[in-house]
Amino acid sequence: MARCGTDLQTAVDLLQAGRPVGLPTETVYGLAARADMPDAVADIYRLKGRPAHNPLILHFSSVADMRGWVARMPTEAERLFAQFSPGPLTLLLPKGPRVGDHISAGLPRVGVRIPAHPLFRKAIQRTGCPLAAPSANRSGYVSPTLAEHVAGVYGGELTYVLDGGPCEVGVESTIVGLEPNGSWTLYRPGAIAATDIECVLDAPLRLPHDHTQVVAPGMDAHHYAPHTPVLIGLEETPVIEGKEGWITWRELTYPIPAGVVHHPISNRSDLNDAARELYAAMIRLDGLGLDRIRIQPFPHRGIGIALNERIHRASLRTHIPEA
Ligand code: TXA
Ligand code: MG
């Protein structure tokens with residue numbers, strides 16, 4: 001099992017030695033390696049069991065540091081970073097000469113983001129190189145929001161997880177991409193609302209028109225699911241079969257039935273609380289040997305859009321066999 005600790009220098013020394021490290025971001029924990037070390041990046045793929053066609057996001061401490069990693073920095077991208085970074089926003093931009101195929105999986109764009117967590121930012125600065133980091137879960141599983149979620153997953157193969165406390169946001173960054181015709185597409189909803197991005201762009205965001213194309217492979221329908229089947233909906237009293245765990249973010253209109261393992265994720269009906277706690281609740285309930293997990297849906301506004309998208313994916317795992 002990986003050691004969890006708060007020693008930044010231990011994490012940096014491992015990164016410099018070409019070893020992946022678990023690092024906290026404000027969204028979820030990442031499994032990070034130096035972007036200029038293909039063998040270290042290959043280790044991330046191997047550890048996660050991540051398909052080679054699924055590219056990685058590069059993390060920087062400033063827009064200036066992206067020089068050479070992106071082919072150009074359009075003014076809209078500068079405006080988006082000025083408004084929302086450091087923070088939970090990833091832009092897909094034409095890749096620069098420094099991006100090898102080990103990062104972009106041979107695709108024409110590279111994902112770039114400036115995370116807000118102070119420990120992640122310091123790790124980038126001390127390493128002196130952008131860090132490639134997918135979420136630190138095994139491929140297809142729920143993203144980790146606590147250091148201990150990461151520590152247990154990789155046995156002795158991962159040495160160290162830098163513990164930065166619970167992730168403040170709790171869901172992965174919003175991803176928007178620049179298209180060859182100059183328009184922008186929303187590839188993954190997140191804490192930064194599409195409507196706020198549209199205000200900065202002064203143009204509507206498109207949605208990916210063809211989900212079968214490998215534009216953002218993480219958009220495969222069966223990602224981010226616990227092993228226990230997930231059902232959405234608690235608006236009416238369900239017929240309970242077997243052992244159930246319920247995740248709620250606001251009070252139900254009926255009493256919780258006896259025997260149900262109840263995991264509330266906000267005690268004040270707050271969507272940001274819910275985002276912060278959702279994955280930890282799913283991971284905890286998944287460890288209890290239940291027959292199913294039911295999740296109360298979220299209102300379709302703000303971060304609720306991202307939360308509904310994530311629980312929808314989690315519920316699909318039940319029907320779509322893993323590739
Ligand atoms: O909040 C986050 O973004 C977290 C933290 C650790 O930064 N990272 C994260 O990375 O969620 P990952 O790899 O779990 O999800 C990134 C998604 C994947 O669906 C990937 O396919 C897509 O972004 N992606 C990355 N680079 C891309 C590219 N060049 N073109 C298309 N899609 C890309
Ligand atoms: Mg991920």
Side-chain angles (χ1 to χ4, degrees), residues 20-33 35 41 44-45 47-60 69-71 84-96 99-117 119-121 123-124 130-145 147 149-150 153 161-162 164 167-180 185-192 208 211 213-225 275 279 303 306 309-310 313-314:
V21 174
L23 288 184
T25 85
E26 76 281 24
T27 57
V28 299
Y29 273 74
L31 195 58
V41 173
I44 292 181
Y45 279 86
L47 284 174
K48 276 181 64 86
R50 185 174 176 105
H53 66 257
N54 194 351
L56 303 183
I57 295 173
L58 292 184
H59 298 68
F60 297 84
W69 298 93
V70 296
F84 301 116
S85 286
L89 177 70
T90 296
L91 301 187
L92 302 182
L93 297 176
K95 68 180 175 189
V99 175
D101 283 346
H102 62 289
I103 301 291
S104 65
L107 294 170
R109 293 181 296 192
V110 62
V112 290
R113 122 166 171 85
I114 304 173
H117 198 294
L119 285 179
F120 202 110
R121 295 169 62 72
I124 299 169
L131 297 177
S135 52
N137 51 288
R138 268 198 211 276
S139 187
Y141 196 67
V142 183
S143 295
T145 53
H149 289 158
V150 186
V153 176
V161 182
L162 186 60
C167 298
E168 246 181 79
V169 175
V171 292
E172 304 84 347
S173 60
T174 307
I175 302 182
V176 295
L178 176 65
E179 305 306 325
T185 302
L186 176 69
Y187 287 100
R188 183 171 71 185
I192 297 179
H211 280 276
Q213 241 181 321
V214 183
V215 278
M219 302 193 65
D220 292 354
H222 54 283
H223 267 59
Y224 318 126
Y279 288 165
I303 201 168
E309 192 252 5
R310 303 305 196 275
R313 284 177 193 289

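When a ligand or atom number is given, it counts from 1 through the structure's own listing order. Sequential numbering from 1 along the given sequence is applied to the chain's residues.
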Peer 1: Can you tell me which portion of Ser104 lies within the under-4.0 Å heavy-atom range of ligand 1? Options are side chain, backbone, both, or neither.
Peer 2: neither
Peer 1: Only heavy atoms count here, so choose which of Gly190, Ala32, Pro55, Pro208 is nearest to atom 26 (N) of ligand 1.
Peer 2: Pro55
Peer 1: Of the side chain and backbone of His59, name the one, both, or neither that has a heavy atom under 4.0 Å from an atom of ligand 1.
Peer 2: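 The answer is the side chain.
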Peer 1: Nearest heavy-atom pair of Ala116 and Glu26: which atoms, and what distance?
Peer 2: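 Shortest heavy-atom contact: N-OE1, 3.0 Å.
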Peer 1: With only distance considered, is Glu172 within less than 3.5 Å of ligand 1 through an N or O on each side?
Peer 2: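 So ligand 1 has no N or O lying under 3.5 Å from an N or O of Glu172.
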Peer 1: Can you confirm whether or not the ring centre of Phe120 sits under 6.0 Å from the ring centre of His59?
Peer 2: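 Centroid separation for Phe120 and His59: below 6.0 Å.
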Peer 1: N/O to N/O below 3.5 Å, does that happen between Arg50 and ligand 1?
Peer 2: yes
Peer 1: Just heavy atoms, cut-off under 4.0 Å: does Leu92 contact ligand 1 by side chain, backbone, both, or neither?
Peer 2: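 Under 4.0 Å from ligand 1, Leu92 contributes side-chain atoms alone.
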Peer 1: Got a salt bridge between Glu179 and Arg109, using NZ or NE/NH1/NH2 to carboxylate O under 4.0 Å?
Peer 2: yes
Peer 1: Of the non-hydrogen atoms in Val171 and Ala191, which two are nearest, and what is the gap between them?
Peer 2: CG2-N, 4.5 Å
Peer 1: Any chance the side chains of Ser173 and Thr27 put a donor and an acceptor closer than 3.5 Å?
Peer 2: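 Distance-only check fails for Ser173 and Thr27.
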Peer 1: May I ask you to check if ligand 1 and Thr27 share an N or O to N or O distance below 3.5 Å?
Peer 2: yes
Peer 1: For Lys95 and Ser104, which heavy atoms make the closest approach, and how far apart are they?
Peer 2: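 Result for this residue pair: NZ-OG, 2.9 Å.
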Peer 1: Provide the number and element of each atom of ligand 1 under 4.0 Å from a heavy atom of Asn54.
Peer 2: 18 (C), 20 (C), 21 (O)
Peer 1: Has the side chain of Thr145 got a donor or acceptor atom that lies under 3.5 Å from a matching backbone atom of Tyr279?
Peer 2: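 Answer holds: no.
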Peer 1: If the cut-off is 4.0 Å to any non-hydrogen atom of Ile175, which atoms of ligand 1 fall inside it?
Peer 2: 17 (C), 23 (O)
Peer 1: Which atom pair, heavy atoms only, marks the closest approach of His102 to Ala35?
Peer 2: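 Answer, listing the atom of His102 first, then Ala35: NE2-O, 2.9 Å.
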Peer 1: Could you tell me, atom by atom, which parts of ligand 1 come under 4.0 Å of a heavy atom of Ser173?
Peer 2: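 Once the distances to Ser173 are compared, the set is 1 (O), 2 (C), 3 (O).
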Peer 1: May I ask you to check if ligand 1 and Ser135 share an N or O to N or O distance below 3.5 Å?
Peer 2: yes
Peer 1: Is any side-chain heavy atom of Arg138 closer than 4.5 Å to a side-chain heavy atom of Val153?
Peer 2: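 Yes; the side chains approach each other to less than 4.5 Å.
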Peer 1: Which atoms from ligand 1 have a heavy atom of Gly30 less than 4.0 Å away?
Peer 2: 6 (C)
Peer 1: May I ask you to check whether Arg188 has an N/O atom sitting below 3.5 Å from an N/O atom of ligand 1?
Peer 2: yes
Peer 1: So, is Ser139 placed with an N/O/S atom under 2.8 Å from the Mg ion (ligand 2), counting both backbone and side chain?
Peer 2: no
